[in-house]
Amino acid sequence: MLAALDWNAEVALGRIRELAGAPGPLLPILHSLQAEFGYVDEAAVPMIAGELNISQAEVHGVITFYHDFRREPAGRHILQICRAEACQAMGCESLVAHAENRLGIAMGQTTADHSVTLKPVYCLGNCALSPAVMLDGRPYGRVTPSAVDGLIESLLVQSGRRGQ
Amino acid sequence: MIRVYVPCDSSAVSVGADAVANAILKARPDITLVRNGSRGMFWLEPLVEVETLRGRLAYGPVAPEMVPQLIAAGMLEGKEHHLSQGPTEEIPFLKRQERLTFARCGITDPLSISDYIEHGGFRGLKRASNMAPEAIVEEVTAAGLRGRGGAGFPTGIKWKTVAGEKAAQKYIVCNADEGDSGTYADRMIMEGDPFVLIEGMIIAGMAVGADKGYIYCRSEYPHAFETLRRAIGIAREQEYLGPKFELEVRLGAGAYICGEETSLLESLEGKRGQIRPKPPLPAMEGLFGKPTVVNNVISLASVPIIMDKGGAYYRDFGMGKSRGTLTIQLAGNIRHGGLVEKAFGLTLREAIYDFGGGTQTGRPLRAVQVGGPLGAYFPESLLDTPLDYEAFAAKKGMLGHGGVVVFDDTVDLAKQARFAMEFCAIESCGKCTPCRIGSTRGVETIDKIIANEDRVKNLQVLDDLCEVMLDGSLCALGGLTPFPVLSAVQHFPDDFARR
Ligand SMILES: Cc1cc2nc3c(=O)[nH]c(=O)nc-3n(C[C@H](O)[C@H](O)[C@H](O)COP(=O)(O)O)c2cc1C
Ligand code: SF4
Ligand code: FES
């Protein structure tokens, strides 16, 4: 389960100040906020800019450059499916289609009940056991469509959406 | 006391190693269970090893459900079972390797410093401590070590440049962005033998006069990041790190381009990961404008053995200008996927068949991509190319970081060429036009070729576009994307004429 606390300016400021003194602190700060809240709230931009004495445009530019940083909350669970070459060689695209169908969303989207976000990833370093996926930071290798079903089913059970 | 090993490597975990470890401990709480790194024989993971008078005996692949049956059959006493692989070191895949950089990986507990020392750790550092900085640089130069991140630049020369710079502050930066599909050697070292990387970085610091190091680890590797964080903490407690050399691990944020060294430095500084024009070289103006060594994980992790055994020992492995060992990573549609550390010069065919056992699906091999997403697609007729920087370049290929991705005959190379352009479009840093715009045009053009719209004309357009990207891109993302594309067209023309 990912922690997804509600946005809290005071907590955020604490996180920012904790790291602001380090050299090149912006990425660590953004990671820290995302770990805390599940995303980087727009309200964090002026706070970070103020603490680091850089422009808001610069903070915004960095947040949008990196694939990792989200500007709105993701689902409670994140299912990453590897779409890079080694996994392509083992049919990862059929896993993608399968997961999209089962969840009724496209890659990059979150289910309406915010239970699951589907995310593409380009290599998990598990290419000897392709195709590979990662669920909330847990790796899975030699994944079959039915294994994807199993993973999704376990999430939907937790979210009370089973059989829907 | 019975000692059993179950890897903590994330690839092993991905097929159930944690559950296997738990099941063993549940059945036999009295034994000692060590979570080692992986031996790199992933088709056998989870690979359980039991220490016996005959040495370590291997069982694999062990499914968690199999544990009670294996224990009942006497696995913990080293008895035979249909999952027995015999003594680990005698498994042909491992026995035929030359493990220098990976000498300890899979054998030791990655976070046990005493294990590390018992298996030869810190001997290189000890020897380096009694040498002048120039002599360390000389030893690394004599070893003929070339950067394993892809470009193959001589590490000794890079170090010499940084050592020669006069600056109060210098940095050692380890490139642990390992973005290439089909590669996992960096990950294995970080998860399986992190102290060897730390030792290599300390030695690099001594050689060039740097007292601060950063490891830039990609965020797709949460296990490696955590292991490094803990290993650094332990090394600090034991005073291997401290005022003379401090080390920090930082997390990337999902950008392939941040594997390019100047983009990586921008990212470490907290900026968008855009390429810096060279010159100045990072060796002169790198992190925060200071002289900086940027080296790949495997380059740095090879330094301790070079310092321990001497440059000549290392140089004696290999062929031509490619000295020492290459860590080949067998990936994709491969029966025996895993890590093969071997002197440069093994042919691609030997790697794929003698070690890899051919395709996983059992269908005929049709294409191999070596060197990550920017590497060429080779047909079966090029499989006798030796794994050597120059031999690959002669065939318009690239060794890169040593990833070998195998495809069977169901592959469609037009699709693969399209993906190469698409990946470039997704990951482009946006700094220059040929790459930013060219890659998107490339996807569109390949779509037209596939759909048989003006095919002849569009193949020419694709060719011209590739030439512009090759010549006009600021860095190798735009500059090398034409290689997978053009090799696909050249070696697999039928795939572009299916409709
Ligand atoms: C697009 C691109 C991606 C790269 N990705 C990596 C990477 O993930 N890891 C790496 O070590 N080098 C990567 N490199 C190479 C680095 O720029 C640089 O050459 C390397 O870190 C130098 O270390 P070495 O001499 O030890 O290889 C990449 C280069 C380019 C152009
Ligand atoms: S080639 Fe692409 S990634 Fe490299 S500098 Fe140009 S736009 Fe950036
Ligand atoms: S390509 Fe999918 S894990 Fe590496």
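Values below: all heavy atoms of this structure, side chains included; hydrogens, waters and symmetry mates excluded. Protein chains get the first letters and strands the later ones, always in sequence-line order, with residue 1 at the start of each.
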Check your understanding: At what distance, to the nearest 0.5 angstrom, does OG1 of A:Thr64 lie from CZ of B:Arg272?
Key -> 5.0 Å
Point to revise | Part of A:Leu124 within contact of chain B (heavy atom distance under 4.5 Å) | key: both
Practice item. Side chain from CB out, backbone as N, CA, C, O: work out which of these in B:Cys258 comes under 4.5 Å of a heavy atom of chain A, or both, or neither. Key: side chain
Practice item. Check whether B:Ile426 gets within reach of chain A through its side chain, its backbone, both or neither, counting any heavy atom under 4.5 Å. Key: both
Practice item. Give me the contact list for residues 327-334 of chain B versus chain A, heavy atoms only, anything under 4.5 Å, ordered by residue number. Key: B:Leu330, B:Ala331, B:Gly332, B:Asn333, B:Ile334
Review point. Does B:Ser14 use its side chain to pair, donor to acceptor, with the backbone of A:Tyr140 at less than 3.5 Å?
Key: no
Check your understanding: Measuring heavy-atom distances to chain A, does B:Gln416 have an atom under 4.5 Å in its side chain, in its backbone, in both, or in neither?
Key -> side chain
Exercise for review: Please state whether the side chain, the backbone, both or neither of A:Pro23 comes within less than 4.5 Å of a heavy atom of chain B.
Suggested key: both
Check your understanding: Side chain, backbone, both or neither: which part of A:Val62 has a non-hydrogen atom closer than 4.5 Å to chain B?
Key -> both
Review point. Is there a donor-acceptor pair closer than 3.5 Å between any side-chain N or O of B:Ser181 and the backbone N or O of A:Cys123?
Key: no
Point to revise | Side-chain touch B:His223/A:Pro139, heavy atoms, less than 4.5 angstrom | key: yes
Check your understanding: With respect to chain B, which residue among A:Cys87, A:Ala89, A:Cys82 yields the maximal number of heavy-atom pairs within a distance under 4.5 Å?
Key -> A:Ala89
Check your understanding: Can you name the residues of residues 355-368 of chain B that have some heavy atom under 4.5 Å away from a heavy atom in chain A?
Key -> B:Gln360
Study note, to complete from the structure: Turns out that what part of B:Val406 lies under 4.5 Å from chain A's heavy atoms comes down to backbone
Check your understanding: Would a 4.5 Å heavy-atom cut-off, applied to side chains only, mark B:Tyr256 and A:Tyr122 as touching?
Key -> no
Practice item. Apply the test side chain to side chain donor-acceptor pair (under 3.5 Å) to residues B:Ser267 and A:Tyr66: give CA-CA distance (whole Å), side-chain angles for both, the deciding distance (0.1 Å), then the verdict. Key: CA-CA 10 Å; B:Ser267 185; A:Tyr66 295 96; 2.9 Å; yes
